[in-house]
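Hydrogens, waters and symmetry mates play no part in the numbers below; they use all other heavy atoms, side chains included. Numbers here simply count residues along the sequence, with the first being 1. Note that ligands are numbered from 1 as they come in the structure, with each ligand's atoms numbered from 1 the same way. In this text, all values refer to a predicted model and were calculated from it rather than measured experimentally.
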Amino acid sequence: MLLFKKESDLRIYLQQKKEKKALIGFVPTMGALHNGHLSLIREARRETDMVVCSIFVNPTQFNEQKDLDTYPRTPHKDIELLSRVGCDVLFMPGADEIYPPGLNTRIDLDFKSLDKVMEGAFRPGHFEGVAQVVKRLLDIVEPDGLYMGQKDFQQLTIIGYMIDQLGIPTKLVSCPIIREENGLAMSSRNVRLEKGLRKRAVVIYQTLLQAKDWIQEMSPREIEEKALKALAIPGFRPEYFKVVDARTLQEVDQLEKDHPLVACAAVWAGEVRLIDNMFLS
Ligand code: PAF
């Protein structure tokens with residue numbers, strides 16, 4: 001695996017590969033890699049000739065300094081995992097490479113309320129930061145495929161929208177959520193969970209599964225109310241549980257044919273904020 005820290009070096013290297021018609025798959029990450037990330041690399045390997053992964057803890061998407069400061073960083077382990085899984089190129093830029101002084105990287109795009117609900121309501125500015133860094137990375141790597149996990153469902157929807165609206169010639173590939181043995185969705189933040197909480201955090205997955213049953217006989221609002229109660233166990237504080245249209249991310253009043261619904265949750269487990277989601281139909 002080759003490691004690049006400078007945008008200019010990476011561009012020169014990738015240009016040579018593109019001239020030889022290599023298809024490039026790209027997996028952007030913030031490091032602290034786990035099996036969920038590795039599944040994205042494997043999927044990209046299956047579909048393309050060459051996999052580029054980036055590790056950059058993007059400051060512009062953190063709305064709380066404490067969250068940025070405590071975000072897990074495990075660069076040595078990440079490098080080893082990536083080489084083992086067959087990643088070809090790792091891009092590990094510093095902030096001055098991604099946001100060089102004088103370069104305007106802000107995205108001027110109306111996300112049509114996709115960014116105002118759920119995560120957007122609780123983490124103001126978060127998605128502007130995500131869109132900004134993903135666009136910048138896409139400009140540098142110019143990949144054929146962008147591989148992202150369904151765990152961050154709202155992020156995935158917003159990036160898909162951005163790619164469409166800006167006419168970016170990259171295919172977005174949505175990859176399934178990878179779960180720990182008990183069902184907890186894999187996340188870099190899980191390592192910060194105290195052992196007992198990590199075990200009991202399965203309540204989020206169980207509640208999502210229950211919502212799948214409840215949708216047969218209850219309205220979305222009734223499900224949300226019931227789920228919030230189920231999630232409020234000692235040590236846990238649900239921030240939201242929403243049943244939304246999977247395309248618009250807006251609330252719906254009932255299950256309708258041809259309108260897939262997804263349930264999305266954010267829950268504090270002690271000091272750690274966890275998110276998860278599941279298609280209900
Ligand atoms: O999902 C993440 O890890 C981040 O939001 C991403 C897409 C790498 C952008 O920083």
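- With sequence neighbours excluded, the residues that form a side-chain contact (heavy atoms from CB on, under 4.5 Å) with Ala246 are Phe153, Pro260, Val262, Phe279.
- The closest side-chain donor-acceptor pair between Asn58 and Tyr71, if any, does not fall under 3.5 angstrom.
- With sequence neighbours excluded, the residues forming a side-chain hydrogen bond (donor to acceptor under 3.5 Å, both in side chains) with Asp69 are Gln65, listed by chain and number.
- Looking only at atom types and distance, the side chain of Asn63 has no donor-acceptor partner in the side chain of His126 under 3.5 Å away.
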In a simple table, one pair per line, please give the protein and ligand 1 atom names for every N or O pair closer than 3.5 Å, along with the distance.
residue: ligand 1; atom: 1 (O); partner: Gln155; partner atom: NE2; Å: 2.8
residue: ligand 1; atom: 5 (O); partner: Gln61; partner atom: NE2; Å: 2.9
residue: ligand 1; atom: 5 (O); partner: Gln155; partner atom: OE1; Å: 2.7
residue: ligand 1; atom: 10 (O); partner: Gln61; partner atom: OE1; Å: 2.6

Can you give each donor-acceptor pair under 3.5 Å made by side-chain atoms of residues 158-167, sequence neighbours left out, with the distance rounded to 0.1 Å?
residue: Tyr161; atom: OH; partner: Asp110; partner atom: O; Å: 3.2

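- Taking the six-membered ring wherever Trp is involved, the centroid distance between the rings of Tyr240 and Phe122 falls below 6.0 Å.
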